[in-house]
Amino acid sequence: MALQIALVVSGVLIKSIAAEDMRPLNVLMIAVDDLRPSGAAFAHEEILVPNIDKLATRGTTFTEAFVQAATCGVSRSSLLTSRRPDSTYVLSNGQCPFSTATSHSTWQSIPEIFRASGYITAGMGKIFHPNTCDGAAAGERKAAWTLPYYHAPCISLGSIYNGTCYESYPGPLPAGKGGKVTSIFSNASVSATDETMPDGMIAAKAVETVRTLADQNKPFFLAVGFHKPHLPHIAPKKYFDLYPLDQITLPSNASRQNSANAPEIAWNSCSEMLSYHDTQQDFKADGFSRVNPVGDYLARKQRQAYYAAASFTDAQIGKVLDALDENNLTSSTVIALWGDHGWHLGENNEWAKHTAKTWANRAPLIFVTPRQPEPGSKSAAYAEFVDIMPTLVDLAGLKALDFCENEFMSQTSPNCTEGRSLKGVVMGDQMTLSAEAAFSQWPRDDKMAYNIFTTTTDGSRIRYTEWVGYKNHGPVWTNLAGVELYNHSADPNENVNIANDPELAAEVARLSSQLHMGWRQA
């Protein structure tokens with residue numbers, strides 16, 4: 001009898017554990033605007049982001065993750081629908097992926113997929129690019145959210161911050177002399193605190209929402225989007241104090257120059273930075289041009305401000321993660337953290353984003369799941385931001401998405417994916433076949449740069465780029481305006497374009513063929 005009771009109890013326990021393991025997991029998705037790979041997790045220890053580093057010790061960090069385009073709106077439209085810019089038809093920040101073609105109106109974004117699966121969905125801050133679809137107040141996609149969307153009353157794009165909102169949100173940015181308002185690298189007043197800054201308000205709302213969701217009997221999808229370190233680099237003074245100006249490092253002299261032998265079209269004139277009047281004047285005083293970098297002092301000032309803004313946002317991320325712990329949700333929640341693209345801090349004589357170069361296209365990506373067998377792992381497998389949607393769906397325990405096998409599916413299927421799930425990598429499955437390449441693109445004038453990040457026949461990691469004509473949402477390969485090839489294994493900062501080296505002609509031809517075959521064949 002005792003044995004029978006024990007067997008019954010064991011059977012109930014096993015069924016209970018199995019049922020618990022099969023329950024869909026909650027999802028917390030953290031988005032950080034303009035954050036390049038930062039902190040110890042990404043071997044960039046000078047930028048202090050202890051909360052991101054701590055998160056990385058619990059999950060899998062992808063060190064070779066690439067966005068599909070290096071600007072906020074295009075990248076977010078792509079990753080939130082898991083479709084590439086040639087499919088979304090979104091090539092600028094002012095476009096909505098759900099209205100660029102009639103068939104796109106039925107597409108489901110990441111939060112919509114979870115809402116359709118019975119999840120409570122909540123969002124706050126910058127997830128979709130603002131004021132492009134259903135409006136900022138609706139979180140851009142009304143169908144995505146079950147709870148009212150939250151925005152802080154301002155986003156601190158005006159760069160004087162005095163403890164109050166300098167501009168209303170959503171609303172026009174107040175004009176200043178010669179362009180946007182005053183200083184691009186402005187620390188907030190001494191009296192300002194994290195809580196009075198917009199990202200601090202977003203963090204507080206996220207903490208409040210976590211507490212509310214903890215009392216529900218349904219799984220949740222929570223998206224929290226932070227604005228900084230987007231320009232202007234504003235943060236309370238204490239974060240600037242972390243980085244004494246004389247201790248800020250600079251890229252090597254070679255890396256501060258525009259890439260040698262690069263086609264002229266490849267260099268961006270840093271228009272985003274120069275839209276701020278003070279920076280425009282400072283860069284002009286330093287004689288900044290395609291062939292002349294800014295001086296050391298100005299470079300350090302810009303880097304210091306970016307670091308401070310990144311550290312400020314990291315502190316807000318820590319508050320949200322702590323709220324999960326305090327409400328006993330960490331063991332039932334998948335976490336994804338991403339930056340929407342990379343960022344130049346003087347490398348390649350570039351500042352900000354808007355380039356086809358690796359500094360602008362490689363971005364931070366971390367996944368954490370409570371079912372992960374090897375927390376703290378790092379993967380150098382090629383990952384793309386179109387992979388985020390299918391990975392979250394798989395890690396949460398939902399039905400896997402279909403792959404968009406052809407252009408017709410890409411345009412008409414409500415929820416197919418142009419990416420691949422990274423669950424196998426996250427879960428340490430040795431049988432998982434990693435992608436052989438990652439792809440991105442960048443428009444300039446009437447041309448489009450198409451990038452492939454891959455590995456050559458000798459094992460070197462590279463970026464290969466063709467600048468070509470663009471027509472009907474796709475490349476015109478015969479209209480070639482420039483070619484770039486950089487060996488990241490030997491030249492990680494892309495100092496020298498080697499595409500025209502005669503000894504590499506055969507390799508260039510192979511890479512060109514691989515690029516032309518495209519992502520479906522990768």
Side-chain angles (χ1 to χ4, degrees), residues 25-33 35 37 52 55-56 59-85 87-88 90 97 107-115 117 119 121 123 125-129 140-141 144 221-226 333-342 361-369 372 379 381-404 410 415-427 432 434-435 438-440 453 519 522:
L25 294 171
N26 306 313
V27 176
L28 168 63
M29 186 177 77
I30 300 173
V32 188
D33 210 355
L35 182 69
I52 293 176
L55 181 68
T60 299
T61 300
F62 287 85
T63 60
E64 294 291 325
F66 295 90
V67 298
Q68 273 43 76
T71 194
C72 304
V74 183
S75 176
R76 289 167 186 258
S77 291
S78 175
L79 76 90
L80 288 166
T81 62
S82 194
R83 315 202 194 202
R84 299 162 196 270
S87 295
T88 64
V90 173
W107 285 2
Q108 290 184 318
S109 62
I110 294 176
E112 287 172 89
I113 287 176
F114 282 93
R115 183 175 186 178
S117 299
Y119 278 61
T121 56
K126 185 174 179 179
I127 299 299
F128 290 91
H129 197 73
E140 297 308 323
R141 189 67 168 163
F221 174 91
L222 174 61
V224 182
F226 293 107
T333 303
V334 171
I335 304 171
L337 181 144
W338 48 263
D340 55 359
H341 45 69
N361 285 271
R362 183 190 284 128
L365 180 62
I366 299 172
F367 288 103
V368 177
T369 171
Q372 185 168 345
S379 174
Y382 291 107
E384 301 179 283
F385 273 41
V386 286
D387 299 338
I388 292 173
M389 177 191 281
T391 304
L392 286 177
V393 165
D394 281 3
L395 290 176
L398 305 186
K399 182 180 181 293
L401 302 177
D402 291 332
F403 184 66
C404 302
S410 287
N415 56 15
C416 71
T417 172
E418 293 186 351
R420 291 173 170 81
S421 174
L422 301 170
K423 178 182 178 180
V425 180
V426 173
M427 300 303 290
T432 297
S434 299
F439 297 80
S440 69
F453 302 89
W519 54 267

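Because the structure is a prediction, the values reported are computed rather than measured.
- The shortest distance between side-chain heavy atoms of Thr333 and Leu25 does not fall below 4.5 Å.
- Partners of Cys416 under the disulfide bond (SG atoms under 2.5 Å apart) rule, at least two apart in sequence or in another chain, are Cys404.
- No donor-acceptor pair closer than 3.5 Å links the side chain of Ser109 to the backbone N or O of Leu80.
- Residues Ala438 and Ala383 approach most closely at CB-O, 4.1 Å, considering heavy atoms.
- Using the six-membered ring where Trp is involved, Phe221 and Phe114 have ring planes that are parallel, under 30° apart on the 30 and 60° scheme.
- With sequence neighbours left out, the ring pair (Phe, Tyr, Trp, His ring centres under 6.0 Å) criterion links Tyr382 to no other residue.
- Val426 places a side-chain heavy atom less than 4.5 Å from the side chain of Gln372.
- Judged as a ring pair (Phe, Tyr, Trp, His ring centres under 6.0 Å), and not counting sequence neighbours, the contacts of Phe66 are Phe453.
- Between atom CG of residue Leu55 and atom OG1 of residue Thr61 there is a gap of 7.5 Å, rounded to the nearest 0.5 Å.
- For the pair Trp338/Val32, no side-chain contact is recorded, criterion being any heavy-atom separation below 4.5 Å from C-beta on.
- Atom OG1 in Thr60 sits 9.5 Å away from atom CG in Leu422 (nearest 0.5 Å).
- Panel note: side chain Arg83, backbone Ser410; a donor-acceptor pair is recorded below 3.5 Å.
- In this structure, Glu418 contributes its side chain and Arg84 its backbone to a donor-acceptor pair below 3.5 Å.
- With Asp394 contributing its side chain and Thr391 its backbone, the two residues share no donor-acceptor pair below 3.5 Å.
- You'll find the side chain of Val90 stays beyond 4.5 Å of the side chain of Pro85, heavy atoms only.
- Applying the side-chain contact (heavy atoms from CB on, under 4.5 Å) rule to Ser82 yields the partners Val386, Met389, Pro390, Thr417; only residues at least two apart in sequence or on another chain are considered.
- The pair Lys126-Asp33 meets the salt-bridge criterion, with a side-chain N (NZ, NE, NH1 or NH2) lying under 4.0 Å from an Asp/Glu carboxylate O.
- The pair Arg420-Glu384 fails the salt-bridge criterion, with no side-chain N (NZ, NE, NH1 or NH2) lying under 4.0 Å from an Asp/Glu carboxylate O.
- At distances below 3.5 Å, at least one donor-acceptor pair connects side-chain atoms of Arg76 with backbone N or O atoms of Ile127.
- Across all their heavy atoms, Leu79 and Ile110 have their closest contact at O-CD1, 3.6 Å.
- Among residues two or more places apart in sequence or in another chain, the side-chain contact (heavy atoms from CB on, under 4.5 Å) test is passed with Thr71 by Val74, Asn93, Lys353, His354, Trp442.
- When all heavy atoms of Tyr119 and Asn26 are compared, the pair lying nearest together is CE2-CA, 4.3 Å.
- Considering CD of Gln68 and OG of Ser77, their distance stands at 12.0 Å, rounded to 0.5 Å.
- Under the 4.5 Å side-chain criterion, counting only non-hydrogen atoms from C-beta, Ile52 is in contact with Leu35.
- Note that CZ of Arg362 and OG of Ser440 are 11.0 Å apart. Values are rounded to the nearest 0.5 Å.
- Side-chain contact between Leu28 and Val334 is absent, with no heavy-atom pair separated by less than 4.5 Å.
- When side chains are defined from C-beta on, Glu112 counts as touching Arg141, because their heavy atoms get closer than 4.5 Å.
- Closest approach of Thr88 to Ser78, counting heavy atoms only: CG2-CA, 4.4 Å.
- For Trp107, the ring pair (Phe, Tyr, Trp, His ring centres under 6.0 Å) partners are His104, not counting sequence neighbours.
- Here the closest non-hydrogen pair linking Asp340 and Ser75 is O-OG, 2.6 Å.
- Side-chain contact between Leu392 and Phe367 is present, with at least one heavy-atom pair separated by less than 4.5 Å.
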Self-check item: Worked check of side-chain contact (heavy atoms from CB on, under 4.5 Å) between Phe62 and Asp387
Solution: CA-CA 12 Å; Phe62 287 85; Asp387 299 338; over 6 Å; no
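- The two residues Ala70 and His341 make their nearest non-hydrogen contact at CA-CB, 3.9 Å.
- Rounded to the nearest 0.5 angstrom, Leu395 CG and Ser421 OG are separated by 6.5 Å.
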